[in-house]
Amino acid sequence: MVHHHRYNLLKKGGDEEAGTLLFLYYRRRRPNLLSVLFLSLLSCTFILAPRLFSASSSLSHLCSFGVQNEGFVGNIDVNAPLCSSIPNESASVILKLFSFGRNTGRICCDRSHFRSDICFMKGDVRTHSPSSSVFLYSSKSNNGFISYVSSMIDDGEQEEHDELQHERIKPYTRKWEPSIMDTIDELDLISKRANLGVHHPCDLIHNVPAVIFSTGGYTGNLYHEFNDGIMPLYITSQHFNKKVVFFILDYRNWWVIKYGDIISHLSDHPVIDFIGDNRTHCFTEAIIGLKIHDELTVDSSLMRSNESIVDFRNLLDRAYWPRIRGLIQEEEQETVDKKMSTSPTSGSVFDYQARKPKLVILSRNGSRAIMNENSLVKTSEEMGFQVQVLRPERTTELAKIYRSLNSSDVMIGVHGAAMTHFLFMKPGSVLIQVIPLGTEWAAETYYGEPARKLGLKYIGYKIKGRESSLFDEYDKDDPVLRNPSSFTKKGWEYTKKIYLEDQTVRLELRRFGKRLARAYYCITGIHPQSSLE
């Protein structure tokens with residue numbers, strides 16, 4: 001789960017250094033080359049000025065999503081704010097350098113976002129897994145400014161200046177959490193001159209772009225698997241229309257299997273283990289890192305065709321329905337004998353049951369479990385719901401969970417990673433989140449607000465002190481019960497230990513019944529058969 005106190009530190013400007021965009025043609029430790037660049041560019045000012053003004057949009061075109069054609073003109077996403085933090089002076093230098101050769105190797109990195117970095121490479125791109133590197137070779141036919149500068153360098157220094165540009169990136173979307181980023185593999189992105197010889201011959205040439213990202217970090221937690229991985233992957237790659245190859249750092253085979261249905265709807269190609277595959281893969285374009293918008297969110301204003309969270313949910317629908325149809329056919333085959341022996345009277349009962357609104361309870365074991373879950377089931381059934389208790393395990397097939405929630409009208413769950421399953425619900429359904437003490441901010445930020453964006457009718461149920469197991473452990477006037485925020489603001493470890501790991505819930509069903517009645521009315525437009533008001 002995202003750490004509240006760390007997030008607040010970021011809001012206060014704790015990541016200011018990340019706003020600097022590194023886009024260097026030269027090595028900083030070579031002031032003589034800097035002088036050459038400056039004097040040469042100054043002398044060309046009057047000659048190149050018209051081209052600079054006319055090419056004012058070239059820089060944004062270079063580093064935009066979906067630049068698939070040669071040169072600067074392509075299928076551009078004008079809304080993508082990539083590499084936009086380059087200072088005007090740097091932008092002028094870049095435009096001048098690029099104006100000398102269309103096929104010059106280019107690396108562009110956007111480090112302006114506090115959640116993630118993302119880099120773009122265009123030209124002769126080659127992977128080299130043994131050194132955890134991606135190389136970009138400049139054009140051999142480039143006889144312009146770069147060649148001119150190279151001629152001014154002593155022959156003895158030429159090999160030392162083989163490296164034109166060097167960037168480093170950890171392609172994971174938790175940039176603002178140093179402790180977790182320390183566990184992520186780092187990639188070196190290196191631009192070199194091709195005229196000095198390409199040292200990494202291609203083993204496999206791809207005619208589609210590459211997207212390189214990590215499945216390390218918090219992978220293993222459902223919330224983070226979607227928020228930090230699957231949804232950013234959708235945001236970053238969906239515009240390629242499946243014509244893209246995914247390379248994974250911190251490769252986990254179980255992750256590829258678990259999310260295979262979704263991945264197959266984002267790419268037509270097999271996923272490649274970046275470190276495990278020692279072949280040299282060659283591309284003309286690569287994206288390293290993923291773009292992330294917000295918590296479980298797709299911001300349509302930042303998308304090429306205004307895709308939203310609803311479009312992402314539609315992708316899930318397409319991904320899982322082929323498997324769901326197979327499950328339905330298997331079940332129908334197994335129950336055909338039972339249906340044949342069903343009496344006419346029971347048939348009418350079945351029809352009545354089918355018309356009842358379906359309520360799914362996400363059941364938890366251990367921390368934040370609903371201790372009177374059986375009573376909750378009975379109360380819900382008396383109110384007129386058809387109830388299913390769903391207990392997802394790590395090994396539970398996602399298509400089966402999707403099937404249950406896609407067909408549900410209401411879902412009830414206690415705040416935690418399993419609430420991420422709200423993404424499987426149809427817009428217009430009702431989500432009831434039980435909010436334990438000390439989790440109000442996280443419950444609203446990570447699930448309440450995203451659920452509304454999906455079009456769900458969201459009901460948050462904040463428990464009272466006496467509904468928490470902490471009520472039996474602390475005095476009724478203890479700040480743990482009366483003022484949870486005084487502890488949560490101390491940091492993640494306090495929140496985790498007190499409110500997430502050591503707390504269970506016993507619902508006051510008369511009070512909670514009001515939320516059930518409200519959900520029933522939202523779905524049916526009818527007041528429930530019974531109410532506990």
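To the nearest 0.5 Å, the span separating CG on L470 from CD1 on I463 amounts to 7.5 Å. Residue T395 holds its OG1 atom at 9.5 Å from NZ of K258, rounded to the nearest 0.5 Å.
Side chains of Q503 and S468: a donor on one and an acceptor on the other come within 3.5 Å. Looking at N365 and S363, their side chains never bring a donor and an acceptor atom within 3.5 Å of each other. E449 and Y458 share no donor-acceptor pair across their side chains, judged by distance under 3.5 Å alone. Using modelled atom types, one finds no donor on one side chain facing an acceptor on the other under 3.5 Å when comparing E307 with Y234. A donor and an acceptor atom, one from each side chain of Y520 and D409, are nowhere located under 3.5 Å apart.
Residues T297 and I235 approach most closely at O-CD1, 3.8 Å, considering heavy atoms. Here the closest heavy-atom approach between residue S380 and residue L516 is recorded as OG-CD1, 3.7 Å. The shortest heavy-atom contact between N227 and E295 is OD1-CA, 3.2 Å. Across S408 and S429, no two heavy atoms sit closer than the pair O-OG, 3.5 Å.
Listed by chain and number, the residues in a side chain to side chain contact (heavy atoms under 4.5 Å, CB included) with E186 are R168, K170 (sequence neighbours excluded). Scanning for side chain to side chain donor-acceptor pair (under 3.5 Å) contacts around R323 gives E397, with sequence neighbours left out.
Between L189 and I288 there is a side-chain heavy-atom pair separated by less than 4.5 Å. The shortest distance between side-chain heavy atoms of V256 and T215 does not fall below 4.5 Å.
Proximity of a side-chain donor or acceptor of K453 to a complementary backbone N or O of D299 within less than 3.5 Å is not detected. Looking only at distances, no side-chain donor or acceptor of T488 sits under 3.5 Å from a matching main-chain atom of T495. Remark: the backbone N or O of L296 is not paired with any side-chain donor or acceptor of Y223 at under 3.5 angstrom.
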task = Determine, step by step, whether R115 and T173 satisfy the side chain to side chain contact (heavy atoms under 4.5 Å, CB included) criterion, reporting the C-alpha distance in whole Å, the side-chain angles of both residues, the deciding distance to 0.1 Å, and the verdict.
result = CA-CA 6 Å; R115 291 177 181 268; T173 57; 5.5 Å; no
inquiry  = Please determine whether salt bridge (Lys or Arg N to Asp or Glu O under 4.0 Å) holds for the pair E508 and K514, giving the CA-CA distance in whole Å, both sets of side-chain angles, and the decisive distance to 0.1 Å.
reply    = CA-CA 11 Å; E508 286 191 0; K514 297 177 181 179; over 6 Å; no
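Partner F247 forms a side-chain contact (heavy atoms from CB on, under 4.5 Å) with one of L187, I275, I212 and no other, that one being I212. Shown are K400, R325, R403; of these, the salt bridge (Lys or Arg N to Asp or Glu O under 4.0 Å) with E331 is made only by R403.
The pair E373-R391 meets the salt-bridge criterion, since a charged nitrogen lies less than 4.0 angstrom from a carboxylate oxygen.
The aromatic rings of H527 and Y521 sit parallel to each other, their planes meeting at less than 30°, with 60° as the upper class boundary.
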